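Okay, structure first, notes after.
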Amino acid sequence: MATTTTKAPRPARTPSLTPTFVSLKLALLRNGLRQSAGRRAAYIASVVVTLLFAALQLIGLIALRGNEHAATLVILLAAVLALGWTFMPLFFPSGDETLDATRLVMLPLRPRPLVRALLASSLVGIGPLFTLCLAAGSVVAVAHGTAAALTGLVAIALTLLVCVALARSVASANLRLLSSRKGRDLAVLSGLVIAVGIQVVNFGAQSLGRSGGLSRLDPAADIIRWIPPASALGAVDSVSQGSYATGLAQLALCIALLAALLTYWQRSLTRLMTSPDGSTLQAAEPTRTRARAHGLTRFLPEGRTGTVMERTLRYVWRDPKTKAAWVTSLAIGLIVPVFNALQGTGSVYFACFAAGMLGILMYNQFGQDSSAFWMVAQTISTTRDAYTELRARALALALITIPYAVLVTLVTTAIIGDWRPLPEALGLSFALLGSMLATGAWCSARFPYSIPQEGYKNVAPGQAGLAWISIFGGMLASALLCAPLLTLTIWLHASGNDHLLWLLLPGGTLYGWAIAHLGLRFSAPRAAARLPEILTAVSKG
């Protein structure tokens with residue numbers, strides 16, 4: 001009797017995740033454009049502008065072909081490009097929905113295929129296309145010969161893959177941060193980082209223009225050409241010059257970094273998709289919270305003054321809008337005097353920007369409370385209560401502004417190298433601060449406006465006029481209040497009494513304190529009488 005054997009059916013081959021994820025990325029883009037005409041127009045406009053800028057960059061890089069400093073420029077450009085890919089996901093976490101890998105937690109996906117699929121889908125978008133254009137233009141600028149051209153093809157792929165892997169690995173490692181309050185703080189502060197970066201680039205470009213061009217950057221490029229992904233473009237330049245071993249070593253560095261990034265990304269995804277988040281963990285112990293609070297308040301005055309100061313300082317640390325305003329003022333107050341001093345066009349009097357920028361924060365004190373101001377309003381029943389409230393807020397601002405103004409003035413003076421005007425510059429800074437505390441308290445009571453808690457707007461719709469009157473009117477009034485001290489400063493210089501200029505430091509300090517005290521006294525009755533109007537104005541956002 002013949003026996004028949006049946007073979008077990010082969011298990012169905014698991015389809016590759018890569019085509020699926022690429023199609024999902026395209027579907028996300030397509031469906032996003034279908035939501036509204038405004039979003040579609042904004043996306044198309046951004047694509048057109050990006051492609052136009054990329055085309056101009058490509059043409060400029062091709063025009064550099066044959067220039068002796070072309071390699072220096074493209075290597076530094078690759079380093080800047082990599083920095084942008086590394087940190088932009090932290091500042092704009094909502095720019096790409098596929099950054100959030102926690103949406104895939106419930107799916108039975110293995111980390112290694114998932115990394116490959118996410119890497120492939122990450123190559124779809126405006127950013128990768130822009131990077132590809134810059135990498136291609138850089139290779140054309142420095143590649144000479146067949147071997148260099150072939151190396152350039154590898155360098156283009158490596159540069160693009162390393163940039164994308166950098167962005168993805170950093171985003172995966174910080175995904176809990178990006179979805180938290182601190183992540184939203186980073187998004188609010190991103191404009192400041194970009195503005196500071198533009199100032200640094202502008203300062204660097206001016207310095208290069210005065211000192212002979214790109215030749216000053218050659219030493220930096222000699223170091224950066226060994227740092228991936230710039231090392232990939234450095235390899236093209238090395239092969240063009242006949243240094244094949246050097247070029248191979250630079251390519252090997254870039255490949256090693258790519259492998260390390262993919263490994264780190266895979267481990268981050270594994271940890272992210274298997275470890276509990278903050279919603280499943282117990283809250284911090286109350287005793288630790290009380291200990292931190294005690295550590296903050298033990299240096300502040302007792303009673304209402306210390307309580308209000310603590311609340312104001314906690315706003316600075318915890319509220320995204322308040323934090324953004326403070327960090328912006330701190331940065332600009334330092335950048336303007338220091339950068340001008342470094343360029344040789346500054347003066348020690350520019351250090352007054354430090355006190356002036358932070359003094360602006362005194363305006364609209366009640367608006368930063370938003371709808372929570374009703375709780376503060378319940379504690380204000382007399383003019384004395386209003387005065388204590390305003391004074392405590394002014395003291396909290398002065399607690400940071402005074403040492404900061406001293407520091408900026410010292411740094412500016414040290415860069416300039418002339419210490420004689422230091423006392424008068426500090427005196428003018430303190431007088432300006434006192435004047436802005438006075439006018440800021442009055443404008444907070446007279447022209448309050450709401451600050452929206454969501455989005456990037458700092459003024460609620462319909463209240464822009466109040467904000468302009470409050471800030472610019474108050475700044476003009478502060479300048480008028482400082483006129484006596486400015487007049488005294490000019491007279492001492494004009495009359496040749498330079499030996500008396502040191503008196504401006506104690507004089508400016510006393511003058512600023514007196515003006516601030518009078519301004520708070522004058523503003524308190526108005527704040528107490530207008531509590532309902534203030535509450536209505538600041539609650540509109």
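Note that the structure is predicted; figures quoted are calculated from it, not measured.
- Taking the six-membered ring where the residue is Trp, Trp513 and His517 present parallel rings, their angle staying beneath 30° rather than reaching 60°.
- Sorted by first and then second residue, the salt bridge (Lys or Arg N to Asp or Glu O under 4.0 Å) pairs involving residues 399-414 (not counting sequence neighbours) form an empty list.
- You'll find the side chain of Leu390 reaches within 4.5 Å of the side chain of Ser523, heavy atoms only.
- Between Leu437 and Leu520, every side-chain heavy-atom pair lies at or beyond the 4.5 Å cut-off.
- Proximity of a side-chain donor or acceptor of Ser444 to a complementary backbone N or O of Met362 within less than 3.5 Å is detected.
- Side-chain contact between Leu61 and Leu77 is present, with at least one heavy-atom pair separated by less than 4.5 Å.
- Residues forming a salt bridge (charged side-chain N to carboxylate O under 4.0 Å, His left out) with Asp418 (at least two apart in sequence, or on another chain): Arg420.
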Under the side chain to side chain contact (heavy atoms under 4.5 Å, CB included) rule, what do Phe430 and Leu505 come out as? Steps first, then yes or no, please.
CA-CA 8 Å; Phe430 295 154; Leu505 177 55; 4.0 Å; yes
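- Distance check, rounded to the nearest 0.5 Å: OH of Tyr349 to OG of Ser429 gives 11.0 Å.
- Put simply, the side chain of Met357 does not reach to within 4.5 Å of the side chain of Tyr404, judged on heavy atoms.
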Side chain to side chain contact (heavy atoms under 4.5 Å, CB included) between Leu501 and His493, intermediate numbers included
CA-CA 8 Å; Leu501 287 172; His493 278 282; 3.5 Å; yes
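- Annotation: side chain of Thr312 is not in contact with side chain of Leu395 (no heavy-atom distance under 4.5 Å).
- Closest non-hydrogen pair, Thr401 versus Ala355, comes out as CG2-CA, 4.1 Å.
- Nearest heavy-atom pair, Thr131 versus Cys163, reported as atom, atom and distance to 0.1 Å: CG2-SG, 4.3 Å.
- Between Ala230 and Ile224, the shortest heavy-atom distance links the atoms CB-O, 3.6 Å.
- The neighbour count for Trp374 CH2, taken as heavy atoms of other residues, nucleotides or ligands under 6.0 Å away, does not exceed 12.
- Atom CG of Leu313 and atom CZ of Arg393 lie 11.5 Å apart (nearest 0.5 Å).
- Every residue was checked against the side-chain hydrogen bond (donor to acceptor under 3.5 Å, both in side chains) condition with Arg521, not counting sequence neighbours, and none meets it.
- The shortest non-hydrogen separation linking Cys482 to Ala431 is SG-O, 3.7 Å.
- Atom CZ of Arg526 sits about 10.5 Å away from atom SG of Cys443, to the nearest 0.5 Å.
- When only modelled atom types and interatomic distance are considered, Thr379 and Arg304 share a side-chain donor-acceptor pair under 3.5 Å.
- Contact detail for Pro337 and Thr412: the closest heavy-atom pair is CB-OG1, 3.5 Å.
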Would Val308 and Thr388 count as a side chain to side chain contact (heavy atoms under 4.5 Å, CB included) here? Give the steps.
CA-CA 9 Å; Val308 175; Thr388 305; 6.0 Å; no
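- Taking CG of Leu426 as the start and SG of Cys352 as the end, the distance is 8.5 Å to the nearest 0.5 Å.
- In this structure, Phe53 and Phe130 have parallel ring planes: the angle between them is below the 30° cut-off, well short of the 60° mark.
- Rounding to the nearest 0.5 angstrom, the gap separating the OG atom in Ser138 from the CD atom in Gln57 is 9.0 Å.
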In sequence, state the C-alpha distance, the side-chain angles, and the governing distance for Leu361 and Leu358, and then conclude on side chain to side chain contact (heavy atoms under 4.5 Å, CB included).
CA-CA 5 Å; Leu361 300 176; Leu358 294 185; 3.9 Å; yes
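- The 12-atom threshold is exceeded at CH2 of Trp419, counting heavy atoms of other residues, nucleotides or ligands nearer than 6.0 Å.
- Here the CD1 atom belonging to Ile515 is positioned 12.0 Å from the CG atom belonging to Leu510, to the nearest 0.5 angstrom.
- In terms of heavy atoms, Ala527 sits closest to Ile534 at O-CD1, 3.9 Å.
- Between Leu428 and Leu485 the shortest side-chain heavy-atom distance falls below 4.5 Å.
- Side-chain atoms of Phe373 and Leu531, non-hydrogen and from C-beta on, do get closer than 4.5 Å to each other.
- Side-chain atoms of Arg530 come within 3.5 Å of backbone atoms of Ala445 as a donor-acceptor pair (strictly under, hydrogens ignored).
- The backbone N or O of Val316 sits nowhere less than 3.5 Å from a side-chain atom of Lys323 that would complete a donor-acceptor pair.
- At least one side-chain heavy atom of Tyr315 sits less than 4.5 Å from a side-chain heavy atom of Asp369.
- A side-chain donor from one of Tyr363 and Thr439 sits under 3.5 Å from a side-chain acceptor of the other.
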Start with the C-alpha gap between Asp385 and Thr382, add the side-chain angles, then the distance that decides, and say whether side chain to side chain donor-acceptor pair (under 3.5 Å) holds.
CA-CA 5 Å; Asp385 294 336; Thr382 64; 3.3 Å; yes
